[in-house]
*Asks:* 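Following this message is one structure expressed as structure tokens.
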Amino acid sequence: MRERLLQALGREWRELSEALLSGERLGPEGALRLVEEAPLNLLGLLAVRAKERHSGKDVFYNRNFHIEPSNICVFNCWFCSYRKGADSPEAWDYSLEEIENQVKTRRDSGATEVHIVGGVHPAHDLAYYERMIRSVKALMPQASVKAFTAIELRYMIEKAGLTLQEGLARLKAAGMEAIPGGGAEIFDEAIRRRICPEKGTAEAWLEVHREAHRQGIPTNATMLYGHIESWSHRIDHLDRLRRLQDETGGFNAFIPLKYRRRNNPMGEGLSEVSLVEDMRMMALARLYLDNVPHLKAYWPMFGKTTAQMALAFGADDMDGTIDDSTRIYSMAGAEERVPSMTTREMEELILSAGYRPVERDTFYNPVKKGYL
Ligand code: V47
């Protein structure tokens, strides 16, 4: 099969495909040539082979919900439709009691993960976030708390006058068991300065994740693509993540986040990238990040059908059921206005793409194999 496939390819792609199929590492130049010039179906095939080396026929999902404590943010990122100033009528800032009530309505839903991310709020301090995590854990001891982007973490820890090591240790002691991948955007310094000048450097983002990994806290990584960056910037971003992962092994999953253009200042002069470009991006991520176990197709951002299609381009994780608990993407114009999926719908999407659904916990331990 493999021989026939390689024979069928033109000489042009035979050597690179052979190297990738034997598990050789893709370098930046090979990656650029592949993603810009290779036929889409070849990219899909190579990425699926790489996915199957990591996770066979399994495709993971979890039962989760988000808490977005506030959309008030001290930073003003060009691509963000979510952040509001403190005096905006569209701003929210839930009290701990309101957050507890959100958890109470979902505590018996079977969720195994609570994902907490919000704006970088000017007034709240580390002690407030410790209390928040503790009260979520007290109400749902069976669920893992995956909380706060590296940007939120740096801000609350610096404000408390602590080192990263001390601040992360305190949050871990309060019950923070994993860290989501947000805030990475694009690592290239020049692009980063244009789209999120106040957010801190790429090195600052990487340092938070490095320290978390050192403390045994697993994390995810993201990349915001499809705006003013080029394929070379995307490859540079993947390369910096791959280097950190070689060092620590602490990333669980990578999540490419497609830029959505509604209701944010950057969208005025830009259109969104095509489905074909999304699939090329997925395949590139699977092939380049050979040391990151999982690649997530985040359906609230892509829409359900595009997320399902991503399973043919190397993704092996569909994130979770969400239960209509996040606004970041619907505010930016994503298709899923009310992001919610039943486990049945999730499993049907995975099965009809030819894979075996596996409900997982935050750490990718199987909770159950298939309900249908
Ligand atoms: O960092 C903001 C992105 C991220 C837009 O770790 C936008 O499991 C597209 O990181 N268009 C936050 N993207 C969300 C995030 C995340 C989501 C799901 C799962 C996980 C995980 C992490 O959302 C931000 C930014 O890159 N974002 N605005 C926009 N207009």
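Since the model is a prediction, treat every value here as computed from it, not as a measurement. First listed ligand is number 1; within each ligand, the first listed atom is number 1.
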*Asks:* Salt bridge check, Asp246 against Arg25: does any charged N sit closer than 4.0 Å to a carboxylate O?
*Replies:* yes
*Asks:* Quick one: look up the protein heavy atom nearest atom 10 (O) of ligand 1 and list residue, atom name and how far away it is.
*Replies:* Gly182 CA, 2.9 Å
*Asks:* If you measure from each non-hydrogen atom of Tyr82 to ligand 1, which part falls under 4.0 Å: side chain, backbone, both or neither?
*Replies:* neither
*Asks:* What is the closest protein heavy atom to atom 23 (O) of ligand 1, and at what distance does it sit?
*Replies:* Tyr329 OH, 3.0 Å
*Asks:* Side chain, backbone, both or neither: which part of Asn264 has a heavy atom under 4.0 Å from ligand 1?
*Replies:* side chain
*Asks:* Between Gln245 and Pro293, which heavy-atom pair has the shortest distance, and what is it?
*Replies:* NE2-CD, 4.0 Å
*Asks:* Verify the distance criterion only: is there a donor paired with an acceptor across the side chains of Tyr61 and Glu347 at less than 3.5 Å?
*Replies:* yes
*Asks:* Provide, to 0.1 Å, the distance between atom 21 (C) of ligand 1 and the closest protein heavy atom, together with that atom's residue and name.
*Replies:* Ile255 CD1, 3.3 Å
*Asks:* Closer than 4.0 Å to some heavy atom of Leu257 - which atoms of ligand 1 meet that?
*Replies:* 3 (C), 4 (C), 10 (O), 15 (C), 23 (O), 26 (O)
*Asks:* Quick one: does Lys296 get within less than 4.0 Å of ligand 1, heavy atoms only?
*Replies:* yes
*Asks:* Specify side chain, backbone, both or neither for Tyr298, according to which of its non-hydrogen atoms lie closer than 4.0 Å to ligand 1.
*Replies:* side chain
*Asks:* Which one holds for Arg261 and ligand 1: side chain close, backbone close, both close, or neither close, with close meaning a heavy atom under 4.0 Å?
*Replies:* neither
*Asks:* To check your reading of the model: name the closest protein heavy atom to atom 9 (C) of ligand 1, its residue, and the distance in Å.
*Replies:* Lys258 O, 3.1 Å
*Asks:* Given side chain to side chain contact (heavy atoms under 4.5 Å, CB included), test Ser144 with Thr112 step by step and report yes or no.
*Replies:* CA-CA 6 Å; Ser144 300; Thr112 59; over 6 Å; no
*Asks:* So among Thr362, Ile67, Asn64, which one has a side-chain contact (heavy atoms from CB on, under 4.5 Å) with Val114?
*Replies:* Ile67
*Asks:* Check Glu348 with Arg344, please: is the shortest side-chain N to carboxylate O separation under 4.0 Å?
*Replies:* yes
*Asks:* Which atoms from ligand 1 have a heavy atom of Ala332 less than 4.0 Å away?
*Replies:* 30 (N)
*Asks:* Run the salt-bridge test on Lys199 and Glu185 with the 4.0 Å N-O cut-off and return the result as yes or no.
*Replies:* yes
*Asks:* Would you mind running through ligand 1 and noting each atom that sits below 4.0 Å from a heavy atom of Thr222?
*Replies:* 10 (O)
*Asks:* How close does the nearest protein non-hydrogen atom get to atom 24 (C) of ligand 1, and which residue and atom is it?
*Replies:* Glu185 OE2, 3.6 Å
*Asks:* Between Asp316 and Lys296, is there a side-chain N and carboxylate O pair less than 4.0 Å apart?
*Replies:* no
*Asks:* Out of all atoms in ligand 1, which are within 4.0 Å of some heavy atom of Asn220? Include the element for each.
*Replies:* 6 (O), 8 (O), 21 (C)
*Asks:* Tell me which protein heavy atom sits closest to atom 19 (C) of ligand 1, plus the residue, atom name and distance to 0.1 Å.
*Replies:* His115 CE1, 3.8 Å
